[in-house]
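This chain uses plain numbering: 1 for the first residue, then up along the sequence.
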Amino acid sequence: MTDFASATRSTRAGWEWTLAYGIVSVLIGILAFTQPFPATLAVTMIVGFFFLAGGIASLIAAFRGRNGRGYAALFGLLSVIVGGYMILVPVGGALSLTLMMILWLAARGIMELFIGFRFRRLRVAMLLLGALNIVLAILLYTTVPWSALTLPGYILGASFLFGGIVAIMGALSDRREHVA
């Protein structure tokens, strides 16, 4: 028996904890869907803290390191400013996140259309995907600022909801194997 198989078998005894985690995740996902604005503010502030922490680390590296000090200092300063803005003005940060998502979807859609027209392999799929991403970008753009106040919350909700469902499925599978 491999180490992975024995580790998997020994963790199946704790299926109850995985089930509890899955249920809590589903509940958080439902809460985020029913309250997308507060969930959006929470997501924006968490992303802001990540930017802030990364920026502080980059600034420390700039002042303590030898190579790439200018880049590290500029990147650190930019990250601290963006992170601080997202923490102090979460509505503005959510708007910024949504605008970046619009740009990303539009750029991706244009690239997929270009590839779809240029190559034969998966042509229809790439053209459909490109069109879908452009439509999503337009939909988001035409609904700003309202979409900015809810979209990150819905994304968070979907992640927790589907992650929780998968955890519940895994726990129930482990239970069947543990009981058998």
Side-chain angles (χ1 to χ4, degrees), residues 1-58 79 82-105 107-109 112 122 125-126 128-137 139-140 143-180:
M1 180 175 343
T2 64
D3 288 335
F4 176 74
S6 64
T8 304
R9 188 167 287 151
S10 67
T11 58
R12 288 190 181 134
W15 66 269
E16 300 93 348
W17 288 103
T18 304
L19 180 64
Y21 160 73
I23 291 169
V24 169
S25 289
V26 166
L27 292 174
I28 291 170
I30 291 169
L31 182 63
F33 271 113
T34 61
Q35 300 293 319
F37 179 65
T40 293
L41 295 181
V43 167
T44 303
M45 293 176 74
I46 289 168
V47 170
F49 278 111
F50 286 145
F51 271 106
L52 187 63
I56 290 169
S58 187
S79 295
V82 168
Y85 175 73
M86 293 177 87
I87 293 167
L88 297 174
V89 188
V91 171
L95 180 62
S96 299
L97 286 175
T98 303
L99 293 175
M100 291 304 297
M101 191 174 295
I102 291 168
L103 290 173
W104 181 81
L105 284 167
R108 179 177 176 176
E112 289 160 348
L122 299 172
M126 290 303 290
L128 289 173
L129 186 58
L132 173 67
N133 282 322
I134 289 174
V135 167
L136 287 172
L139 179 67
L140 284 175
T143 60
V144 168
W146 296 277
S147 60
L149 301 178
T150 57
L151 181 66
Y154 285 131
I155 291 170
L156 178 72
S159 178
F160 271 101
L161 180 64
F162 291 113
I165 290 169
V166 170
I168 290 169
M169 291 169 57
L172 294 177
S173 173
D174 287 348
R175 177 179 176 252
R176 280 190 296 275
E177 291 181 22
H178 181 69
V179 172

How long is the straight-line distance from [atom2] of [Y] back to [atom1] of [X], given to the nearest 0.5 Å?
X	Y	atom1	atom2	answer
L88	L52	CG	CG	9.0 Å
I23	I28	CD1	CD1	12.5 Å
L103	L140	CG	CG	11.0 Å
F49	M86	CZ	CE	11.5 Å
N133	R108	CG	CZ	5.0 Å

*Only pairs at least two apart or in different chains count here, so list each side-chain hydrogen bond (donor to acceptor under 3.5 Å, both in side chains) that has a residue in residues 147-156.*
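Every side-chain hydrogen bond (donor to acceptor under 3.5 Å, both in side chains) pair that includes a residue of residues 147-156, provided the two are not neighbours, is T143-S147.
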
*Just grab all the side-chain hydrogen bond (donor to acceptor under 3.5 Å, both in side chains) pairs involving residues 28-49, residues at least two apart or on different chains.*
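Sorted result for residues 28-49: empty, none.
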
_Please evaluate residues I134 and L105 with respect to the criterion side-chain contact (heavy atoms from CB on, under 4.5 Å), reporting the C-alpha separation (whole Å), side-chain torsions for both, the decisive distance (0.1 Å), and the verdict._
CA-CA 6 Å; I134 289 174; L105 284 167; over 6 Å; no

*Looking only at heavy atoms, what is the nearest atom pair of A32 and G153, with distance?*
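For A32 and G153, the tightest heavy-atom pair comes out as CB-O, 3.7 Å.
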
Atom pairs and distances, donor-acceptor, side-chain atoms in residues 93-101, under 3.5 Å, two or more places apart:
unit_1	atom_1	unit_2	atom_2	d
S96	OG	G92	O	3.0
T98	OG1	A94	O	2.9

Give every donor-acceptor pair under 3.5 Å between a side-chain atom in residues 164-172 and any protein atom, sequence neighbours left out.
none

*ring-ring contact (aromatic ring centres under 6.0 Å, His included) with F160: which residues, sequence neighbours excluded?*
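Once residues adjacent in sequence are excluded, F160 has no partner under the ring-ring contact (aromatic ring centres under 6.0 Å, His included) criterion.
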
*Report yes if the side chains of L149 and L41 come closer than 4.5 Å at any heavy-atom pair, otherwise no.*
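Heavy-atom side-chain distance check fails, nothing below 4.5 Å.
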
*Evaluate the side-chain proximity of F51 to I46: yes if any heavy-atom separation is below 4.5 Å, no if none is.*
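No, too far: nothing below the 4.5 Å cut-off.
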
*Qualifying ring-ring contact (aromatic ring centres under 6.0 Å, His included) pairs with a residue from residues 83-105, counting only residues at least two apart or across chains*: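 Those involving residues 83-105 do not exist here.
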
